[in-house]
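What follows is one structure encoded as structure tokens, with my remarks underneath.
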Protein chains: 2
Amino acid sequence: MSDQRDKILACACDLYLESGFEGFSMRKLAGCVGVTAPALYRHYASKERVLVDVIGEAYQRMAAHLYRALEGRTPVERIRMAGMGYLTFAVEHPRLYEVLFASPDLMGMQEAPQELESQWCALGQFWKDRVRECIDSGALRDGEPEAIAMTMWAHAHGLISLYLSGMLRVSREEFAGVYRTSVRRMLAGIATPAYLAEIETEASHR
Amino acid sequence: MSDQRDKILACACDLYLESGFEGFSMRKLAGCVGVTAPALYRHYASKERVLVDVIGEAYQRMAAHLYRALEGRTPVERIRMAGMGYLTFAVEHPRLYEVLFASPDLMGMQEAPQELESQWCALGQFWKDRVRECIDSGALRDGEPEAIAMTMWAHAHGLISLYLSGMLRVSREEFAGVYRTSVRRMLAGIATPAYLAEIETEASHR
DNA sequence: GTCTATAATCCGATAGAC
DNA sequence: GTCTATCGGATTATAGAC
């Protein structure tokens with residue numbers, strides 16, 4: 001039944017990993033599957049529906065990678081494993097990582113389908129949970145878990161994006177160390193106490 | 001002379017801003033300029049050479065936007081203005097911002113031409129300078145200016161990328177506030193002193 | 001459910017006249 | 001320096017036989 005559809009999806013993931021978005025075509029996909037192009041339209045209405053499923057698959061693989069961190073035995077261990085898992089997934093599967101953030105119009109769609117939205121929310125909840133339990137255990141400062149998770153996520157995503165774009169002049173081996181160092185810098189803070197006192201005064205005057 | 005070439009480049013920027021990379025073609029570009037497609041090849045050897053110039057133009061506009069921050073009268077004022085300038089440029093010109101980080105193969109090239117590399121280095125130097133003078137003035141903690149600039153840049157770029165991808169559930173008006181808050185959180189640090197002491201011990205044991 | 005054949009477009013780039 | 005005409009290729013998607 002949808003056995004063939006699964007086979008098509010698997011080939012579509014492989015094809016995307018090899019060729020990226022640009023080189024992805026229904027003809028090539030058909031070639032990978034071992035059928036002709038029109039046969040694909042028995043299982044998928046259009047090319048974009050195939051790509052939506054590819055992105056959904058990327059979400060699931062990312063999630064499976066991250067959820068291993070739940071095996072950690074303390075909140076700190078879990079959030080660390082999650083952070084490193086995020087890094088290794090992105091570095092080992094850069095194309096899958098990139099596709100998670102692909103703008104919908106890049107694949108000929110107006111907006112992201114609701115299917116992908118909910119998968120995204122699940123990941124957001126995961127990070128929020130990791131931060132919350134670290135606050136409760138006294139490792140992270142008190143604050144809104146969602147906002148803190150956003151700051152940490154922004155840093156991680158930005159650093160990984162810069163690395164994948166080739167803007168950082170570091171090798172793949174060096175990057176893991178750079179990542180850890182930068183996370184630590186963010187955890188410790190960048191400004192001096194004197195400057196922090198100054199902007200705190202400023203903020204309270206508003 | 002290159003009067004016509006300038007006109008082509010201006011139209012190419014407009015066309016890219018409207019259509020993005022996907023909808024960009026030499027035929028459409030010719031239509032914007034008001035000539036036929038073959039005429040373009042008198043001024044540009046290929047489509048990719050046009051796109052390289054578009055990216056170069058984006059760099060120059062970004063740089064011009066950032067360099068206004070040099071009018072600030074203190075190191076802190078300058079780095080703040082630069083940080084907010086980075087934000088406003090990205091939000092007001094999202095396509096130009098995105099193209100700065102476009103992977104070369106997305107426009108059919110193997111690697112970024114050296115012309116763009118050097119423009120990139122200039123921006124890197126600008127940020128390094130901003131951080132260094134803030135360290136010297138006692139606003140930022142001591143450390144390698146380049147590494148600190150990277151952490152700050154990663155955070156800013158990541159947050160902006162998430163916003164532009166629509167992954168943050170905030171409006172454009174809200175985003176400036178979210179950005180400032182997140183920067184402040186990064187400046188102050190996220191972890192508790194107790195946890196920081198713990199990982200410092202750990203690091204020294206290696 | 002898969003095939004052959006094909007419609008209907010779009011693309012980058014070139015040849016040669018003017 | 002621009003034009004017309006065209007080459008050679010790609011693409012999505014459909015029609016109809018089997």
Side-chain angles (χ1 to χ4, degrees), chain A residues 1-56 95 99 102-113, chain B residues 1-56 95 99 102-113:
Chain A
M1 293 295 146
S2 74
D3 194 22
Q4 184 73 335
R5 187 179 165 112
D6 291 345
K7 186 178 176 185
I8 292 173
L9 176 56
C11 290
C13 288
D14 292 345
L15 178 59
Y16 166 74
L17 287 175
E18 289 172 14
S19 318
F21 259 147
E22 307 312 309
F24 190 96
S25 77
M26 295 298 266
R27 288 167 134 84
K28 288 183 188 170
L29 176 55
C32 292
V33 179
V35 297
T36 57
L40 300 177
Y41 289 86
R42 285 282 147 188
H43 307 274
Y44 278 100
S46 66
K47 174 184 173 181
E48 74 177 49
R49 297 302 296 265
V50 179
L51 292 179
V52 167
D53 271 17
V54 171
I55 298 179
R95 281 232 155 92
V99 87
S103 57
D105 69 288
L106 206 143
M107 23 179 284
M109 299 163 47
Q110 302 294 11
E111 53 182 271
Chain B
M1 285 297 190
S2 72
D3 194 22
Q4 184 73 334
R5 188 179 163 112
D6 291 345
K7 186 179 176 185
I8 292 173
L9 175 56
C11 291
C13 289
D14 292 345
L15 179 60
Y16 167 74
L17 288 176
E18 289 172 12
S19 319
F21 260 146
E22 306 311 310
F24 190 97
S25 76
M26 294 298 268
R27 289 168 136 86
K28 287 183 189 171
L29 175 56
C32 293
V33 179
V35 296
T36 56
L40 299 177
Y41 290 87
R42 284 282 149 191
H43 307 274
Y44 277 100
S46 66
K47 175 185 172 180
E48 74 176 49
R49 297 300 295 266
V50 179
L51 291 179
V52 168
D53 271 16
V54 171
I55 298 179
R95 279 237 157 89
V99 86
S103 57
D105 69 288
L106 207 142
M107 25 180 284
M109 300 163 47
Q110 302 293 11
E111 53 181 273

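Below, read A as the first sequence line, B as the second, and so on, with proteins coming before strands; counting in each chain starts at 1.
Atom SG of Cys13(B) is separated from atom CD1 of Ile8(B) by 12.0 Å, given to the nearest 0.5 angstrom.
Side-chain atoms of Arg49(A) do not come within 3.5 Å of backbone N or O of Tyr44(A) as any donor-acceptor pair.
Regarding Leu40(A), its CG atom lies at a distance of 13 Å from the P atom of dT14(D), rounded to whole Å. Between the CD atom of Gln4(B) and the C1' atom of dC3(D) there is a distance of 14 Å, rounded to whole Å. Between the CG atom of Asp3(A) and the P atom of dT2(C) there is a distance of 11 Å, rounded to whole Å. When the P atom of dT11(D) is taken as reference, atom CG of Leu29(A) falls 12 Å away, rounded to whole Å.
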Sequence neighbours excluded and cut-off under 3.5 Å, please list the side-chain donor-acceptor pairs for residues 15-38 of chain B, or say none.
unit_1   : atom_1 : unit_2   : atom_2 : d
Tyr16(B) : OH     : Arg95(B) : O      : 2.8
Ser19(B) : OG     : Leu15(B) : O      : 3.2
Ser25(B) : OG     : Lys28(B) : N      : 3.1
Lys28(B) : NZ     : Gly23(B) : O      : 3.0

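Side-chain nitrogen and oxygen atoms of Thr36(A) include at least one within less than 4.0 Å of the OP1 or OP2 phosphate oxygen of dC3(C).
Side-chain contact between Val54(B) and Leu9(B) is present, with at least one heavy-atom pair separated by less than 4.5 Å.
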request  = Spell out protein contact along nucleotides 11-18 of chain C as letters: B when the base is contacted, S when just the sugar-phosphate is, - when no protein heavy atom is under 4.0 Å; keep the 5' to 3' order.
outcome  = BBBB----
